[in-house]
Amino acid sequence: MFHRLRFALIVLCTLALAACSDGIVKRVSEPAASLQQLTVRADGSWTVALRLQNYSSMPMTFDDVSLTLTVGDTEAGTLTAKPAISIGGTSADVINLDLVPSSGARLVVADALAGNRTLAYALKGTVAATPQEKKQRSFDISGRSTLNQAPGLPGVLR
């Protein structure tokens, strides 16, 4: 009899604990940043479409971005912004930034555009973001990828 009562009590406690849970797991994961597009303007400066990816299960407000952009093996400059945009869980958004690149980086991009070649780039730095109902955190970002010339759009790499 005591064994049955104990078993029933354990089952009842387990059901009570399960009823308390709302079933939503809130997880904060490191965000990512990548270039969606690089446009060379007539004056030699660039417009960079920076994609910010939130891999968390909850919305995060992206407060501060500071990323060093390297094209080929040449440092182009630092992308800095205070976008203050909220990006939903497992979603992304794009911000446009202006950059006056180094002369070496201009040559690397001009060469890739003239030869219709792939442009390798790297981003390294920090992104500060505030998860919903939590305090701000700083995330180290380091990534590499490539861009290709956009067909029919002169001076645009995607």
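For clarity, every value in this text was computed on a predicted model and none was experimentally measured.
- Contacts of Asp93 classified as side chain to side chain donor-acceptor pair (under 3.5 Å), with partners at least two apart in sequence or in another chain: none.
- We find the CG-CZ distance between Leu123 and Arg144 to be 10.0 Å, quoted to the nearest 0.5 Å.
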(message) Is there a side-chain contact (heavy atoms from CB on, under 4.5 Å) between Phe139 and Val28? Walk through the geometry before answering.
(response) CA-CA 11 Å; Phe139 299 93; Val28 176; 4.1 Å; yes

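- Side chain of Ser102 to main chain of Ala105: a donor-acceptor pair is present (N/O by atom type, distance under 3.5 Å, no hydrogens or angles).
- A distance of 8.0 Å separates CZ in Arg158 from CD in Gln36, rounded to the nearest 0.5 Å.
- Rounding to the nearest 0.5 Å gives a distance of 12.0 Å between CE of Met58 and OG of Ser86.
- Closest of all the heavy-atom pairs between Ile95 and Ala81 is CD1-CB, 4.2 Å.
- A donor atom on one side chain and an acceptor atom on the other are not found under 3.5 Å apart for Asn54 and Ser91.
- Contacts classified as salt bridge (Lys or Arg N to Asp or Glu O under 4.0 Å) and involving residues 100-124 (residues at least two apart or in different chains) are given here: Asp111-Arg117.
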(request) Evaluate side chain to side chain donor-acceptor pair (under 3.5 Å) for Thr118 paired with Asn148, printing each intermediate quantity in order. (result) CA-CA 5 Å; Thr118 300; Asn148 295 303; 2.8 Å; yes

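- Contact record, Val71 with Ala76: CG2-CB, 4.4 Å, taken as the closest heavy-atom pair.
- Side-chain atoms of Leu107 and Thr74, non-hydrogen and from C-beta on, never get closer than 4.5 Å to each other.
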(request) Quick one: do Thr130 and Arg137 satisfy side chain to side chain donor-acceptor pair (under 3.5 Å)? Show the steps, please. (result) CA-CA 6 Å; Thr130 307; Arg137 292 177 55 182; over 6 Å; no

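- The distance from atom CG of Leu38 to atom CG of Leu97, rounded to the nearest 0.5 Å, is 11.0 Å.
- Two residues are said to be in side-chain contact when any heavy atoms from C-beta on lie closer than 4.5 Å; Thr61 and Ile85 fail this criterion.
- The distance from the CG atom of Leu99 to the OG atom of Ser45 is 8.5 Å, given to the nearest 0.5 Å.
- Residues Thr39 and Gln37 bring a donor and an acceptor atom of their side chains to less than 3.5 Å of each other.
- Considering all non-hydrogen atoms of both residues, Glu30 and Tyr55 come closest at O-CD1, 3.5 Å.
- Taking all atoms of both residues into account, the shortest heavy-atom contact from Leu52 to Ile87 is O-CD1, 3.6 Å.
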(message) Let's go through Val48 and Tyr121 carefully: what are the C-alpha distance in whole Å and the side-chain angles of both, what is the deciding distance for side-chain contact (heavy atoms from CB on, under 4.5 Å) to 0.1 Å, and is it a yes or a no?
(response) CA-CA 12 Å; Val48 177; Tyr121 75 88; over 6 Å; no

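- With a 4.5 Å cut-off on side-chain heavy atoms, Pro59 and Gln132 count as touching.
- Taking all atoms of both residues into account, the shortest heavy-atom contact from Gln149 to Leu113 is OE1-O, 3.2 Å.
- The OG1 atom of Thr68 lies 12.5 Å from the CD1 atom of Ile141; values are rounded to the nearest 0.5 Å.
- In plain terms, the two heavy atoms of Thr126 and Ser138 that are nearest each other are CB-OG, 3.9 Å.
- Other residues, nucleotides and ligands contribute over 12 non-hydrogen atoms within 6.0 Å of the CG atom of Asp43.
- Using modelled atom types and a 3.5 Å distance limit, the side chains of Arg27 and Ser56 yield no donor-acceptor pair.
- Residue pairs meeting the salt bridge (Lys or Arg N to Asp or Glu O under 4.0 Å) criterion with at least one member in residues 60-72, sequence neighbours excluded, are Asp64-Lys82.
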